[in-house]
Amino acid sequence: MYHISVLRDELVKSLNFENNRNIIVDATIGLGWHAWEVIKKMKKWDIFIGIDRDSENLLKAEKQIRTEILSGKWEFPTCIFIHSSFARLKEILSENQIHTITGIIYDLWVSSVHFDEWERGFSFRSDGPLDMRFDRMSWEKTASELIAYTPERELFEIFRKYGEEPKAFFIAQAIASQRKQKPINTTQELAAIIEWASFDPKSTLRVFQAIRIALNQEFDHIIQSLEQAIELLESNGTIGVISFHSLEDRLIKQTFARFEKGTIDEITGQTTIPALLKKINKKPILPSEDEIHTNPRSRSAKLRIVSKQSIH
Ligand SMILES: C[S@@+](CC[C@H](N)C(=O)[O-])C[C@H]1O[C@@H](n2cnc3c(N)ncnc32)[C@H](O)[C@@H]1O
């Protein structure tokens with residue numbers, strides 16, 4: 001099981017460690033590669049919070065980090081590990097008596113281990129149960145249930161909206177007809193139906209992506225979490241987000257844009273609500289040629305960084 005973290009230095013550099021007390025969240029700790037670099041820069045009076053929706057990934061990261069802490073080689077901040085969606089950010093922090101943060105990072109999409117473990121059902125390249133849940137502990141609905149019970153029209157909309165799939169209509173129709181005869185329970189069964197209906201091998205990738213996004217309600221969780229992060233952030237605190245897909249990047253850009261503009265009174269021309277966020281980089285940061293060469297998965301990554309404006 002292997003996951004190479006993407007834009008590692010750039011994401012860690014997005015954080016400002018110069019506060020009297022740093023309170024930093026890694027909202028997608030995964031296997032902890034980014035988190036480890038962050039933790040090493042923190043002091044013992046700081047607080048680090050690592051969140052992941054996947055309890056298995058979270059446990060691996062926590063075990064690794066706790067082992068390093070026990071080695072006594074480093075000065076460590078207080079580390080808190082939480083199994084949850086980052087959509088519950090405010091609630092999670094308040095349960096831990098934390099009411100503001102100085103920085104937060106997100107490294108979105110799926111970790112390589114999700115694709116590598118056939119039994120998670122994320123990949124159509126191996127046969128496995130049609131599962132696709134990030135959170136197998138508390139998210140009840142699986143991808144095979146979504147495929148079984150979602151009306152044909154809604155399936156079409158999911159494939160269009162989250163996969164930008166041109167053959168969405170034919171694929172939804174084929175699924176609706178096949179499931180009347182027998183349940184679609186495995187990744188290979190679904191892949192075969194998609195290929196048969198679309199004659200396009202790329203459709204399988206797009207439809208699998210769309211089902212995963214819809215099932216885990218990924219985009220709603222991103223918006224909810226970013227809005228809470230903006231509220232919780234102290235002045236000059238930063239948010240760094242790595243996305244891997246143009247739909248995801250657009251969502252982040254649009255969410256930040258809502259807070260980058262203040263509200264101006266049309267009559268007086270006075271600012272009534274000041275802008276809360278400032279872009280740190282005009283354009284998103286992309287991986288270098290070297291990084292893409294050593295880790296081809298990084299080629300579609302984009303990092304956006306914003307900071308919270310101080311309001312007087
Ligand atoms: C690309 S990986 C992160 C890798 C991590 N930065 C590292 O260095 O190992 C994305 C992680 O985000 C998690 N994730 C996805 N959606 C989430 C959500 N709504 N809340 C919390 N974690 C989520 C996934 O379970 C996965 O472990």
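Atoms within each ligand, like the ligands themselves, are counted from 1 in listed order.
- The aromatic ring centroids of F208 and Y162 lie 6.0 Å or more from each other.
- Look at A27 and you'll find a heavy atom under 4.0 Å from some atom of ligand 1.
- At a 4.0 Å cut-off, at least one heavy atom of I29 sits close enough to ligand 1 to count as contact.
- At under 3.5 Å, a nitrogen or oxygen of H34, whether backbone or side chain, sits near a nitrogen or oxygen of ligand 1.
- Look at H114 and you'll find a heavy atom under 4.0 Å from some atom of ligand 1.
- Hydrophobic clustering, defined by side-chain heavy atoms of Ile, Leu, Val, Met, Phe, Trp and Tyr closer than 4.5 Å, groups F156 together with F169, F170.
- Residues E291 and R8 are not paired through a salt bridge, judged by the lack of any N-O separation under 4.0 Å between the basic side chain and the carboxylate.
- Which parts of ligand 1 touch S84 is read off a 4.0 Å heavy-atom cut-off, strictly below it: atoms 20 (N), 21 (C).
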Please report the C-alpha distance between I305 and I285 in whole Å, then the side-chain angles of each, then the deciding distance to 0.1 Å, and finally whether the side chain to side chain contact (heavy atoms under 4.5 Å, CB included) criterion is met.
CA-CA 9 Å; I305 309 169; I285 300 171; 3.8 Å; yes

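- Atoms of ligand 1 found under 4.0 Å from any heavy atom of L31, numbered from 1 in the order shown, are 7 (C), 9 (O).
- Of the candidates T28, D220, L7, D26, it is T28 that places a heavy atom closest to atom 12 (O) of ligand 1.
- Atom numbering of ligand 1 starts at 1 in the shown order; those under 4.0 Å from a heavy atom of N57 are 26 (C), 27 (O).
- Between W33 and ligand 1, at least one N/O pair is under 3.5 Å apart.
- Residue contacts with ligand 1 for N216 are absent, since no atom lies close enough (heavy atoms, distance under 4.0 Å).
- The shortest N or O to N or O distance between F86 and ligand 1 is under 3.5 Å.
- Proximity of V110 to ligand 1, defined as any heavy-atom pair under 4.0 Å, is confined to the backbone N, CA, C and O atoms.
- Those atoms of ligand 1 with a heavy atom of D107 less than 4.0 angstrom away are 1 (C), 2 (S), 3 (C), 4 (C), 5 (C), 6 (N), 10 (C).
- No N or O atom of S5 sits closer than 3.5 Å to an N or O atom of ligand 1.
- The distance criterion of under 3.5 Å between nitrogen or oxygen atoms is met by D52 with respect to ligand 1.
- For ligand 1, the atoms closer than 4.0 angstrom to any heavy atom of G32 are 7 (C), 9 (O).
- Taking any N or O of L108, backbone or side chain, none lies under 3.5 Å from an N or O belonging to ligand 1.
- For ligand 1, the atoms lying closer than 4.0 Å to a non-hydrogen atom of W109 are 10 (C).
- With a 6.0 Å radius and a threshold of 12 heavy atoms from other residues, nucleotides or ligands, E195 has its CD atom above the threshold.
- Not counting sequence neighbours, K167 has no partner by the side-chain hydrogen bond (donor to acceptor under 3.5 Å, both in side chains) test.
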